[in-house]
Structure formats: structure tokens, C-alpha cells
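The sequence lines fix the lettering, A, B, ..., with proteins before strands; numbering per chain opens at 1. Fair warning: this is a prediction, and the values are worked out from it, not measured in the lab.
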Number of protein chains: 2
Amino acid sequence: MKFFLSVPFSSKVDEKGILDKAYRKDLDSLIQSLEEAGHSVFCAPKNEKWHVSERNPVKALRGDMREIEACDIYVALVYNEISAGVMFGTGLAVANDKRIVIAAPTGEEVNWVSNALSGFENVSSLNFDFYDELANQILRLVSR
Amino acid sequence: MKFFLSVPFSSKVDEKGILDKAYRKDLDSLIQSLEEAGHSVFCAPKNEKWHVSERNPVKALRGDMREIEACDIYVALVYNEISAGVMFGTGLAVANDKRIVIAAPTGEEVNWVSNALSGFENVSSLNFDFYDELANQILRLVSR
């Protein structure tokens with residue numbers, strides 16, 4: 001299946017636009033676990049080679065939007081700190097009637113909209129402690 | 001015309017869920033100015049009588065979504081502090097090909113997605129210093 005992995009990006013980069021290393025490692029292992037299970041994964045930071053490029057934001061955003069429209073499952077990583085990109089993408093995914101997984105680290109407070117969405121039929125919510133465990137949780141959900 | 005006025009809500013209430021008074025006054029005067037010009041305005045905090053109700057978030061969110069689908073113009077107020085609801089709604093509005101206005105107070109830093117969206121054909125961006133001036137700016141845009 002085609003996953004769109006929606007994650008905070010521009011808020012997680014340094015002054016040169018390069019993604020935080022520990023966070024990159026977590027995302028990379030999550031993506032790898034999903035790919036090893038036979039799925040394809042689009043994740044904007046990986047697609048942009050782990051740094052925010054200032055070249056053409058309109059083109060970059062349109063590219064992300066097309067990937068959301070084309071995906072089978074939209075997985076949003078949601079943290080206490082709100083991500084504009086994740087919430088915007090979630091709106092697109094809901095409008096496109098996608099199957100949606102909202103994943104939050106255990107103990108983090110999730111915003112009102114993401115909480116409300118967990119009551120929608122096509123939305124599953126889950127909590128995770130570690131990123132490698134998260135891949136297994138997502139794969140279990142998807143195989144149902 | 002039918003406006004959907006998309007504004008931060010759950011982040012702007014006190015511990016009892018009641019909206020900040022000064023912010024409510026600003027929104028109310030903006031809504032009134034648009035209505036006096038002959039338009040109808042849906043704004044979730046006003047619709048919810050200026051307080052967050054915990055009764056049925058799924059129903060509340062679905063109600064907001066229907067209003068976005070039905071609107072002619074989606075106006076988002078965007079601040080330095082990111083609003084999950086505004087960004088989610090903006091995703092829905094973009095997916096539904098709405099005419100969109102993104103308004104930010106002068107000098108506030110706007111998130112990456114909102115900046116990128118300002119390059120879309122159906123999106124206009126504007127800055128404002130005062131809420132009563134904002135109504136006039138929106139009305140000028142709309143009359144073009």
C-alpha cells in the first residue's frame with residue numbers, strides 16, 4: 001500500500017534548514033520498517049533530502065498535495081507542538097476520504113481537532129512509546 | 001456571499017472554555033463589518049456562543065466542515081502561534097477549491113504552509129494592523 005507519512009518538518013530544522021539528526025533517525029527507521037513490510041512510503045522531509053529547500057515552496061507544497069491525493073493511508077504524527085503542515089495535510093486527507101491514522105507519543109497532549117477526528121469512522125488513533133514499535137502498531141492496524 | 005471565518009479557538013479560551021474577551025470583541029466587530037456589507041459569516045466560536053463545548057466534538061467538527069464546503073470565501077486568520085483548526089480547515093478549503101484569503105497581523109511570522117499557499121492562484125494574502133481595517137481590506141479584495 002501507499003503510505004503518506006505526515007510529520008512536522010520546518011519546525012524541526014536548524015538555521016541552515018537541516019532536520020534534527022535524532023528525529024531524522026527515528027523517521028528513517030519508521031519508514032524502513034514500513035517499506036520492509038512491502039509498502040511504499042512518501043515522507044516530505046525524506047523526499048526533500050532532510051532539509052527545507054527555499055527554492056520553490058509552491059511547487060513543493062503542490063507535490064506533497066498530489067502525494068496525499070494518491071495515497072492509500074495517511075499517517076499523521078501529532079505532537080504537543082502543533083504542525084501547520086500536518087494539520088493542513090490532514091484536512092486534505094479528510095476531504096479526500098482517505099483512511100487516516102493519527103499517532104501521538106504517549107502522554108503528549110493532542111490538539112482539539114485531532115482528538116475530534118478520532119471519532120470519525122475512517123480515522124484510527126494510536127499512542128506510541130518508541131518509533132520502531134509504532135511501525136508494528138501501524139502494520140497491525142492496516143492488516144485488519 | 002457566504003464567508004467562513006477560520007480563527008484560532010480552543011487555544012484562546014480560559015480554563016472554563018470561555019473565549020478571551022478582547023479577542024471576542026475583535027472577531028465580533030470584524031464579523032459585523034462583513035455582515036453590514038451584505039454578506040453572511042460563519043465563525044465557529046460565535047456559532048458555539050464564544051465557548052468551547054465538550055459535548056460532542058465529532059458533531060461540532062463535522063458541522064464546521066459542512067460550513068467550509070458551503071462557503072464562497074474562506075478567510076483564515078493566521079498568527080505566529082499555529083492553530084490546528086485553522087490549518088486543518090485550510091486543507092479542506094484548498095481541497096474544495098475555495099477562494100481563500102489568508103490574513104496575518106503585520107509583523108507576525110507566518111508558517112511555511114501559509115506562506116507557500118500565498119503563491120496559489122485562488123489564494124490572496126494580506127496583512128492588517130487593526131481588525132476594523134481588516135474588514136475593509138477583505139471587502140476590497142472580494143469586490144474585485
Side-chain angles (χ1 to χ4, degrees), chain A residues 6 8-13 17 44-45 48 52-66 68-69 74 76 78-98 100 102 104 109-123 125, chain B residues 6 8-13 17 44-45 48 52-66 68-69 74 76 78-98 100 102 104 109-123 125:
Chain A
S6 186
F9 186 11
S10 57
S11 62
K12 299 273 192 184
V13 299
E48 300 277 324
V52 172
S53 153
E54 291 305 321
R55 276 175 307 169
N56 194 332
V58 174
K59 197 178 159 196
L61 184 58
R62 285 216 186 270
D64 295 348
M65 289 169 57
R66 274 192 300 272
I68 291 175
E69 286 159 15
Y74 175 91
V78 174
Y79 303 86
N80 186 29
E81 188 186 351
I82 294 166
S83 161
V86 170
M87 294 314 301
F88 175 79
T90 303
L92 286 176
V94 168
N96 282 281
D97 257 331
K98 296 294 173 183
I100 294 168
I102 296 175
E109 208 181 311
V110 168
N111 63 74
W112 186 90
V113 173
S114 297
N115 269 327
L117 284 171
S118 65
F120 281 41
E121 266 185 23
N122 55 328
V123 179
S125 292
Chain B
S6 187
F9 185 11
S10 58
S11 62
K12 297 274 192 185
V13 299
E48 300 276 324
V52 171
S53 153
E54 291 304 320
R55 276 175 307 168
N56 194 333
V58 175
K59 197 178 159 195
L61 185 57
R62 284 217 187 271
D64 295 348
M65 289 169 57
R66 275 192 299 273
I68 292 174
E69 286 159 16
Y74 175 91
V78 173
Y79 303 86
N80 186 30
E81 187 185 355
I82 294 166
S83 161
V86 170
M87 293 314 302
F88 175 79
T90 303
L92 286 176
V94 168
N96 282 281
D97 257 331
K98 296 295 174 182
I100 293 169
I102 296 176
E109 207 180 311
V110 167
N111 63 74
W112 186 89
V113 174
S114 297
N115 269 328
L117 283 172
S118 66
F120 282 40
E121 264 184 24
N122 56 328
V123 179
S125 293

Count the heavy-atom pairs under 4.5 Å between each of B:Asn115, B:Val52, B:Leu117 and chain A, then report the option with the highest count.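 Option with the top pair count is B:Leu117.
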Could you check which of B:Gly119, B:Ala60, B:Ala116 has the highest count of heavy-atom pairs closer than 4.5 Å to chain A?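 Winner by heavy-atom pair count: B:Ala116.
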With B:Asp64, which residues qualify under side chain to side chain donor-acceptor pair (under 3.5 Å), at least two apart?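 Per chain and number, B:Asp64 pairs via side chain to side chain donor-acceptor pair (under 3.5 Å) with no residue.
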By side-chain contact (heavy atoms from CB on, under 4.5 Å) - contacts of A:Pro8 (at least two apart):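 A:Pro8 satisfies side-chain contact (heavy atoms from CB on, under 4.5 Å) with A:Ser11, A:Lys12, A:Tyr23, A:Tyr79, A:Ser83, A:Val86 once adjacent residues are dropped.
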Among the listed options A:Asn111, A:Leu61, A:Asn56, the residue most often paired with chain B at heavy-atom distances under 4.5 Å: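 Highest number of pairs under 4.5 Å: A:Leu61.
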Please identify, among A:Gly91, A:Gly85, A:Pro57, the residue contributing the most non-hydrogen atom pairs under 4.5 Å to chain B.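 Heavy-atom pairs under 4.5 Å are most numerous for A:Gly91.
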Around atom CD of B:Glu81, are there more than 12 heavy atoms from other residues, nucleotides or ligands closer than 6.0 Å?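 Result for CD/B:Glu81: open.
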How far apart are the closest heavy atoms of B:Val113 and A:Ala84, and which atoms are they?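 Heavy atoms of B:Val113 and A:Ala84 come nearest at CG2-C, 4.2 Å.
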Part of B:Val78 within contact of chain A (heavy atom distance under 4.5 Å):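 For B:Val78, there is no contact with chain A at all, as no heavy atom is under 4.5 Å.
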Is it the side chain or the backbone of B:Ser10 that comes within 4.5 Å of chain A heavy atoms, both, or neither?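 B:Ser10 touches chain A through side-chain heavy atoms alone.
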Within-4.5 Å side-chain heavy-atom neighbours: A:Ile82 and B:Met87: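 No, side chains not in contact.
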